Amino acid sequence: MDRRPRLLSSQAYAPSLEKSFSGITYHLALGGLSTKQLEGCFSLYSGERPSKRVRLRGALWKVGKLIQRQKASGFKFTADYLDEVWPRYIDTLAGSTLVSNFQLYGREFLKRRKALGIGAFFYIDGTLTEYFESYADFEVAGIDPATRRQAIELEQEGYDSCDGVFAFSRMTAQTLHERYRVPISKISVVLPGANLRDEVVDAVKTERLPGKDFVLGFVGLYPIRKGLDRLAGALRILRSRGLSIRLRVIGKCPDEISAMD
């Protein structure tokens, strides 16, 4: 192949590369760069240096949604956003192969990428269908149904055009095949790892908590969506039965749960 090594693309706006997509993009890039499997990592939009054009277009889009009496969140899932951020950079990526952690490439990119010799892959933790359905009562609640439908249409076009999709799980692979009609030959499942140094893992293996308590661990930014309330309820039941068990929470913990025994 005469292509340059693969590039990892993070397209949705975030405060920084380090904080984009829960840090997954950043740490995956570090691993890929260290093994020389990736040439670089980039984002089309940075919260550290926000684009005035993107902000203006986003503001106009939100005004339009409000005039239509629709919810005005989710600009990053729109063709307006993608058509604004892509044209300035696509020519510089000629001859590259991109792997995106975001579910959308956008029509401008898809229209021009083959002529520029750009390979396009996805590596996603879930489809937008899964995201919108699972997060409906949480951070997605402010996104209008019309915006969601249009985003899924854009997503479908990306899967139809791309060279392949890597999924974090077999469930997402199944969704891609059954609900988006992506051929099995275009789908691979690559389970995610953890960005832990070997010496840290070794230290955890040798560490033991005092006593003989069984420890339940929870990590999450959205505790109720991820079931912390049910886990805490199970903890209460088990402790009432005399079992020595404790719960460790990393992330956000509601006051009523943190106040529990």
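Note that the coordinates shown come from a computational prediction; the quantities given were computed from them, not determined experimentally.
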**Prompt:** Less than 4.5 Å apart, any side-chain heavy atom of R112 and any of D91?
**Reply:** yes
**Request:** Evaluate the side-chain proximity of I24 to Y123: yes if any heavy-atom separation is below 4.5 Å, no if none is.
**Result:** no
**Prompt:** Any chance the side chains of E130 and T172 put a donor and an acceptor closer than 3.5 Å?
**Reply:** yes
**Message:** Just so I know, are the side chains of I118 and I90 near enough to count as touching, which here means a heavy-atom distance under 4.5 Å?
**Reply:** yes
**Request:** Measure the shortest side-chain to side-chain distance between I152 and F132 over non-hydrogen atoms and say whether it is less than 4.5 angstrom.
**Result:** yes
**Asked** Is M171 reachable from F122 through a run of I, L, V, M, F, W or Y residues, each pair having side-chain heavy atoms under 4.5 Å apart?
**Response** no
**Prompt:** Closest approach of E139 and Y222, non-hydrogen atoms and distance?
**Reply:** OE2-CE1, 3.4 Å
**Item:** Donor-acceptor contact below 3.5 Å, side chain Q156 vs main chain Y180
**Value:** yes
**Request:** State plainly whether the residues R236 and D261 are in salt-bridge range, i.e. N to O under 4.0 Å.
**Result:** no
**Prompt:** What class does the angle between the rings of W86 and Y105 fall in, given that below 30° is parallel, 30 to 60° is tilted and above 60° is perpendicular?
**Reply:** tilted
**Request:** May I ask whether L93 and L116 are part of the same hydrophobic cluster, defined by side-chain heavy atoms of I, L, V, M, F, W, Y residues being less than 4.5 angstrom apart, directly or through others?
**Result:** yes
**Request:** Taking atom types as modelled, find out whether E84 and Y45 have a side-chain donor-acceptor pair closer than 3.5 angstrom.
**Result:** no
**Message:** Keeping T78 on the side-chain end and G74 on the backbone end, is there a donor-acceptor pair under 3.5 Å?
**Reply:** no
**Request:** Check K71 against K65 and note the closest heavy-atom contact, atom names and distance.
**Result:** O-CE, 3.4 Å
**Prompt:** Which ILVMFWY residues can you reach from V63 by hopping between side chains whose heavy atoms are under 4.5 Å apart?
**Reply:** I67
**Message:** In terms of relative ring orientation, are Y131 and Y135 parallel, tilted or perpendicular, with 30° and 60° separating the classes?
**Reply:** tilted
**Message:** Do M260 and L238 land in one hydrophobic cluster if side-chain heavy atoms of ILVMFWY residues count as linked below 4.5 Å?
**Reply:** yes
**Test: D83 and K111 ion pair at under 4.0 Å** = no
**Request:** May I ask you to test the Y159-V165 pair for a side-chain heavy-atom distance under 4.5 Å?
**Result:** yes
**Message:** Between R148 and V140 (side chain of the first, backbone of the second, donor and acceptor by atom type, cut-off under 3.5 Å), is there such a pair?
**Reply:** yes
**Prompt:** Under 4.5 Å between side-chain heavy atoms, hopping through other hydrophobics if needed: is there a path connecting L28 to V190?
**Reply:** yes
**Message:** As an exercise, state the distance from OG1 of T25 to CG of L30, rounded to the nearest 0.5 Å.
**Reply:** 11.0 Å
**Item:** Any side-chain heavy-atom pair of I245 and R239 under 4.5 Å
**Value:** yes
**Message:** If I take atom CG from residue L98 and atom SG from residue C162, how far apart are they, to the nearest 0.5 angstrom?
**Reply:** 12.0 Å
**Item:** Transitive ILVMFWY side-chain link L235 to L243, under 4.5 Å
**Value:** yes
**Prompt:** Within a radius of less than 6.0 Å around NZ of K186, do more than 12 heavy atoms belonging to other residues, nucleotides or ligands occur?
**Reply:** yes
**Request:** Please name the pair of heavy atoms, one in F77 and one in L154, separated by the smallest distance, quoted to 0.1 Å.
**Result:** O-CD1, 3.9 Å
**Asked** Any side-chain heavy-atom pair from D137 and R225 closer than 4.5 angstrom?
**Response** no
**Message:** Pair L44, F102 - check side-chain contact (heavy atoms from CB on, under 4.5 Å), show working.
**Reply:** CA-CA 11 Å; L44 295 175; F102 189 46; over 6 Å; no
**S161 (side chain) donor-acceptor with G158 (main chain) under 3.5 angstrom** = no
**Item:** For V85 against Y89, the heavy-atom pair lying closest together
**Value:** O-CD1, 3.1 Å
**Item:** Gap between atom CG of L247 and atom CG of L216 - 0.5 Å precision
**Value:** 6.0 Å
**Request:** Determine whether C253 and L228 make a side-chain contact, defined as any pair of heavy atoms from C-beta on separated by less than 4.5 Å.
**Result:** yes
